[in-house]
Amino acid sequence: MSYSVGQVAAFAGVTVRTLHHYDRAGILSPSGRSHAGYRLYGDADLARLQQILFYRELGFSLDEITAILKDPQANALEHLRSRQGELSEEIARLQRLAEVAERAIEVQQTGVSLTPQERFDVFGEITFDLSYATEAQLKWADSAGQREAMARAAAHTKEDWRQLMAEAAAWRGDLLTAFDADEPGDGVRAMDLAEEHRQYVTRWFTSCPPDMHRRIADDFAADPRAFALVVPPSQQRPGLAAYLCKAVHANAARRTHSDPLEDR
C-alpha cells in the first residue's frame, strides 16, 4: 500500500517539509511516485522513517543516521553504546543543575527580596556572575562548607547583607592601600589582611580553615569572575588577585606552623 507525503507526515508526527528534507538529503526517498509526480511512500519506507525518528530522538545527526542505516549490524550497536554514555553524562549534569536550581529557589524563598535600587545600595559594584555561581555550585556540591554557606546566606536579612558588605568594603580599602604601598604579598600586613578575610568568611558564611582559604584564593587568581566577588573591576589593579592569593597562602602557612591544631 502507498501513502502520500501528507498522510505519512500525519502518521509520523512530522512536517511535510521534514520529509522533503529527508528526501533531498538522501536518507529517506519515497519508493514511488503517482502519475502526477507526487511522492508515494510504501510500508518499507515507513519502517525506515521509524528508524530515523528513533535515532533522531536519541540525538544522532542525519549523517550519523545515514551511516547506521547503511549497515545496521556493523554500526548501530557501537553508535548506541557511545550515545548511551553521552546521555548518562548529560543526565548527571542536568541533575546537578537541578540541585543548583533547588538551592537558588531556597534562597529566593527566604523572604529577603531586594528591589534593583536596594540591590545597588547593598552590593554596589559587586556583581554575581551566574555562570560562575553555577560552576561553583557544581564544583563544591559535595562540600559540607558549601552547603553551610548556602544555608547561612539564605538566612541573612537585608541588614545582615548591608553589614557584611560594609565590612567587605572596608577590608577591600585596606587591601588596596597595602598593594599600592608595595607591601610584600607575604609580609605581615598582607598576611593580616588575608586573615581578616578568612575570619570574615567564617563569621558570615562557613568555617574556613587555612586549606579551604587557599582553595578560595586560588579561584581568585585563576578566575576573574571569582575575584570580582571581592574586588569590583573598577577597583582592580594588575597583579592584585595574585597578590591576595600569595598573602592567603603565606597566612595559611603561618597559621599552620604557629598552631597546627587550629581550624581542624
Side-chain angles (χ1 to χ4, degrees), residues 100 103-104 107 112 114-141 143 145-146 148-150 152-153 156 158-255:
V100 171
R103 293 193 186 100
V107 172
V112 181
L114 299 178
T115 66
Q117 183 59 47
E118 288 173 328
R119 283 185 184 276
F120 181 78
D121 290 343
V122 172
F123 296 110
E125 294 182 77
I126 297 296
T127 58
F128 298 88
D129 188 304
L130 182 59
S131 64
Y132 174 74
T134 301
E135 290 172 19
Q137 286 283 4
L138 296 178
K139 181 178 180 181
W140 305 107
S143 165
Q146 175 70 9
E148 180 187 3
M150 286 294 294
R152 290 179 62 185
H156 288 335
K158 188 187 305 182
E159 291 309 312
D160 288 334
W161 283 110
R162 289 186 189 280
Q163 177 63 30
L164 71 89
M165 292 303 293
E167 291 180 13
W171 170 85
R172 186 164 57 249
D174 291 341
L175 174 70
L176 293 172
T177 298
F179 180 80
D180 292 340
D182 291 326
E183 295 278 356
D186 55 357
V188 173
R189 179 62 183 137
M191 286 191 289
D192 287 347
L193 286 167
E195 177 60 19
E196 285 181 31
H197 182 265
R198 191 180 76 87
Q199 294 294 341
Y200 168 87
V201 173
T202 297
R203 184 164 59 255
W204 288 107
F205 297 103
T206 184
S207 176
C208 185
D211 282 347
M212 177 185 289
H213 203 210
R214 287 191 189 99
R215 293 194 295 272
I216 293 172
D218 289 341
D219 272 357
F220 291 161
D223 194 328
R225 298 171 303 172
F227 191 52
L229 293 175
V230 291
V231 181
S234 66
Q235 298 181 30
Q236 291 179 14
R237 279 80 154 149
L240 181 60
Y243 177 85
L244 177 57
C245 184
K246 183 176 183 178
V248 168
H249 278 260
N251 180 61
R254 175 178 67 168
R255 298 193 63 78

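Scope of the values below: all heavy atoms of this structure, side chains included, with no hydrogens, waters or symmetry mates.
The shortest side-chain heavy-atom distance between F220 and V248 does not fall under the 4.5 Å cut-off.
Q163 and E159 are not linked by any side-chain donor-acceptor pair at a separation below 3.5 angstrom, with hydrogens and angles left out of the test.
From H197, atom NE2 reaches atom OG1 of T202 across 10.0 Å, with rounding to the nearest 0.5 Å. Within the model, atoms CZ of F205 and CG of L164 stand 5.0 Å from one another, a figure rounded to the nearest 0.5 Å. Atom CG of residue L175 and atom CZ of residue R172 lie 9.5 Å apart, to the nearest 0.5 angstrom. A distance of 10.0 Å separates CG in N251 from CD in E196, rounded to the nearest 0.5 Å. Atom SG in C245 sits 10.0 Å away from atom NE2 in H213 (nearest 0.5 Å).
The shortest non-hydrogen separation linking R198 to C208 is NH1-O, 2.9 Å. Closest approach of L240 to Q236, counting heavy atoms only: CD2-CA, 4.3 Å.
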Show me the side-chain donor-acceptor pairs of residues 179-194 shorter than 3.5 Å, one per line, residues at least two apart or across chains.
| from | atom 1 | to | atom 2 | distance (Å) |
| --- | --- | --- | --- | --- |
| D180 | OD1 | R237 | NE | 3.2 |
| D180 | OD2 | R237 | NH2 | 2.7 |
| D192 | OD1 | R254 | NH1 | 3.2 |
| D192 | OD1 | R254 | NH2 | 3.2 |

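Ion pairing between a basic and an acidic side chain is recognised when a charged N comes within 4.0 Å of a carboxylate O; D218 and R215 show no such pairing.
Formation of a donor-acceptor pair under 3.5 Å by the R152 side chain with backbone atoms of R203 is found in this model.
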